[in-house]
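Below you'll find the structure, written out as structure tokens, and then a few comments.
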Protein chains: 2
Amino acid sequence: MEKSIHGRPYIETKKGPVLTPCAPNGVLARLGDKWTILVMSILALEPARALRFSEIRNGIPSISQRMLTLTLRNLERDGLVTRHYFAEVPPRVEYELTPMGRTMLPALEGFTGWIRDNWRAIEQSRQRFDAAGSDEI
Amino acid sequence: MEKSIHGRPYIETKKGPVLTPCAPNGVLARLGDKWTILVMSILALEPARALRFSEIRNGIPSISQRMLTLTLRNLERDGLVTRHYFAEVPPRVEYELTPMGRTMLPALEGFTGWIRDNWRAIEQSRQRFDAAGSDEI
DNA sequence: CTGCATCCATCCTGATACTG
DNA sequence: CAGTATCAGGATGGATGCAG
């Protein structure tokens, strides 16, 4: 029977635990990209309501149209977001969280909550680290 | 007074909520990179004990020496990991979680736990999505 | 309004070789 | 053993123009 830590299977060896490769890698990489968490946060504001493309875009002023499209497409592909296309003129497209997408929100909240509590300390640590490094020239 | 969702400040406007840029972006990006979570997971296996560079490397067979060094250096810079250098021959270097690093573990566990429960569904969703797309040629 | 295609600059990563 | 330097490839992201 495999053990697991943080959802990741590993095996015990003479030299210590060895993580075995598995898919969660890829999931984490996707969620950690530049925009995914931001888009999920916007959709989480009103988990029950669908948002238009332009509403999401307005919520994240710095995102480009291209990147919002790509991010939403990936979320749709992962089954976290549903896309509703209305063939009107002009076209209207709405996005909303799927049930699975909504189950992610508590975990996301836990993680971003930790960041909210600690990012100032992290910033300070970075400044101290960088300052210490610049002495050693 | 600013509101916040998932640790991220935002303001209400006539057109809806708008996320305001802030530092947590960068923290998430760091944690979401290719190796950071894996390294944290290894260190989390024995949160009270320091691990040698080579022990960590053995725990993540696919990581290159270069990327492990870079990842550990970034974690040290962020104040999540402490580096202990022993000027022996051959040199020995050990790493361990800082108190702040340990406070991150529950949040990490929540997130990776969700992934453990859902990554199969995500994989399936991706396959369905890709299969549907290839019909439309 | 929404989305795709293209081009291009940048960053990230891995491979390799070398040092204390 | 641990770390650094260098280089090349691919991945990522932004700007722009065009289309349904």
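First the proteins, then the strands, lettered A, B, ... as listed; each starts at 1. Worth knowing before you read on, the calculation uses all heavy atoms, side chains too, and leaves out hydrogens, waters and symmetry mates.
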Please state whether the phosphate of [N], meaning OP1 or OP2, lies under 4.0 angstrom from any side-chain nitrogen or oxygen of [X].
| X | N | result |
| --- | --- | --- |
| B:R73 | D:dT4 | yes |
| B:Y85 | C:dG20 | no |
| A:K34 | C:dC11 | no |
| A:S54 | C:dT2 | yes |
| A:T69 | C:dC4 | no |
| B:R30 | C:dC12 | no |

Could you pull out the closest heavy-atom pair between B:H84 and B:E96, with the gap in Å?
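The answer is NE2-OE2, 2.8 Å.
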
Expected output: side-chain B:S125 to main-chain B:I122 donor-acceptor under 3.5 Å
no

Given the rule that I, L, V, M, F, W and Y join up when any side-chain heavy atoms are under 4.5 Å apart, are B:F86 and B:L72 in one cluster?
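Cluster IDs for B:F86 and B:L72 differ.
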
Given the rule that I, L, V, M, F, W and Y join up when any side-chain heavy atoms are under 4.5 Å apart, are B:V89 and B:V93 in one cluster?
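No, separate clusters.
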
Expressed as a whole number of angstroms, how long is the span from A:I63:CD1 to C:dT2:P?
14 Å

Residue closer to the 5' end of DNA chain C, B:L70 versus B:Q65 (nearest nucleotide)
B:L70

Side-chain-base donor-acceptor pair under 3.5 Å for A:R66 and C:dG3
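For A:R66, whose side chain was compared with the base of C:dG3, there is no donor-acceptor pair (under 3.5 Å).
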
First encountered from the 5' end of DNA chain D, between A:P91 and A:S64:
A:S64

From the candidates C:dC1, D:dA2, D:dG13, the one with an atom nearest any side-chain atom of A:D33 is D:dG13

